[in-house]
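Working notes for the structure below.
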Amino acid sequence: MNVMEVDRSGLALATSSPNAAAAYRAGVDLLLSAYPGADVRFEEAIALDQGFALAHAGLARHLQIYGRIPEAKNALALARQRVAGASAREQAHVHILGLAIDGQAARALEALLAHLGAHPRDALAFSLALGAFGLYAFSGRADHDAARLALCRRMARHYGEDWWFLTHLGWSHTEAGVLDAGRRITERALALRIENAHGAHAYVHYFAEAGAGAGRDGERFVEHWLPGYEPGGALYGHIRSHQALWRLEEGDLEAVAAIYRQVLRPSVNASPPINVISDGASLLWRVSLENGAGVDWRELHEYGRERFPGPAGYFIEWHLAMAAAGAGDLQALDRRLGALPQMPAGAVFVAACNAFRAFGAGDYAEAAMLLEPVMRELERLGGSGAQRRVLSDTLEAARARAGRAR
């Protein structure tokens, strides 16, 4: 008798190999927890069953996360070839991942929401919508935090005590400002699977949003949790960047400099490129706001120029603008901004980039004038509330410096 192989949620898989299915399930859990090794398990599944379309698609998603786009598209092409004889659910799964990898974010989100109506437990596809870098966060919508929370609440009955879903349910509450529920749900997720970097990240963001004094509790959590997580993990550098920001709040510039030098600067940082540029630029910019001069931007600015030679997503672009302004390379910044297509974040994105330029040029009144009208729409810029807070910090510093200049 043939036994149907299934994924982590009990959905059928088009493979006859139990070992390939087991490797795939392990790869998906590693991917959903942001732990190293997902690529190895997907490659194992492929070696056991070359026709296993979802294993190729999972590998493509892993490669996309790490910014290895040509390789991701090669894996995606194989997934598209292999999925023709699979179920309608698996065909839709590959189609949606393909739209996301091909940069068609709006179409991917539309297709995903329709797909979840029929297959609400297709977790890997669902994950595309979630998190600080998901399809909602990068939709350009001013209400994406609320929309993501509403989706998670609708889907909760399908997942129960699933550690992956609870991670994002908790994160979504926290980002929407429902902090007590965010904390409780995230703690449940971590209790179910402590080897869960997205869960740790969600908990760190609770402390980042919880107000004065919470950073010390956040640091204690990081010091307890982080030793079990490899530096090659996708969120290792980002979690350490929160530690650096808490040290900056305490005025410990020596510790901040050590974290940047040992973990976050591009030559030592194994994180995905989007994290390297956003964590590095945000931290150095905040240090410059606190400390004035003395920040060495050269390595990060050069990394950004080399890693993103053409137009990138708008979240990356406003961090590249920060790095160029911090480095004083205003001509390069002007050229880059002039070559960009229209971005989904629209006027907010333009104002943010030009405000960084003005601040870097020492025109603090102009920086404040650009930022003040868009402060209620910063959510359009993507990422998390903690990441976007650098804009309000910049406005506060610009107002203070403009006042001193008068």
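We're numbering straight along the sequence, starting at 1. What you are looking at is a predicted structure, and each value in this text was computed from that prediction instead of being measured.
For residues 306-323, the set of pairs meeting the salt bridge (Lys or Arg N to Asp or Glu O under 4.0 Å) definition, not counting sequence neighbours, comprises E317-R336. Applying the ring-ring contact (aromatic ring centres under 6.0 Å, His included) definition to pairs two or more places apart or across chains, those involving residues 171-193 are W171-H201, W171-H205. Residue pairs meeting the salt bridge (Lys or Arg N to Asp or Glu O under 4.0 Å) criterion with at least one partner in residues 111-133, sequence neighbours excluded, are R89-D122. Pairs engaging residues 57-92 under the ring-ring contact (aromatic ring centres under 6.0 Å, His included) rule: H62-Y66 [sequence neighbours left out].
When the salt bridge (Lys or Arg N to Asp or Glu O under 4.0 Å) test is applied to D39, no partner is found at least two apart in sequence or on another chain. Remark: R216 pairs with E250 by the salt bridge (Lys or Arg N to Asp or Glu O under 4.0 Å) rule, at least two apart or across chains. Here D29 pairs with R8 under the side chain to side chain donor-acceptor pair (under 3.5 Å) rule; sequence neighbours left out. In terms of the side chain to side chain donor-acceptor pair (under 3.5 Å) criterion, Q50 has no residue partners (sequence neighbours excluded). D145 pairs by the salt bridge (Lys or Arg N to Asp or Glu O under 4.0 Å) definition with R148, R388, not counting sequence neighbours. By the side chain to side chain donor-acceptor pair (under 3.5 Å) test, R298 pairs with D296, sequence neighbours left out. Considering only residues two or more places apart in sequence or on other chains, R82 meets the side chain to side chain donor-acceptor pair (under 3.5 Å) condition with none of them.
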Side-chain donor/acceptor pairs under 3.5 Å, residues 353-361, sequence neighbours excluded:
residue, atom, partner, partner atom, Å
N354, ND2, V350, O, 3.1
R357, NE, D334, OD1, 2.6
R357, NE, D334, OD2, 3.4
R357, NH2, D334, OD2, 3.0

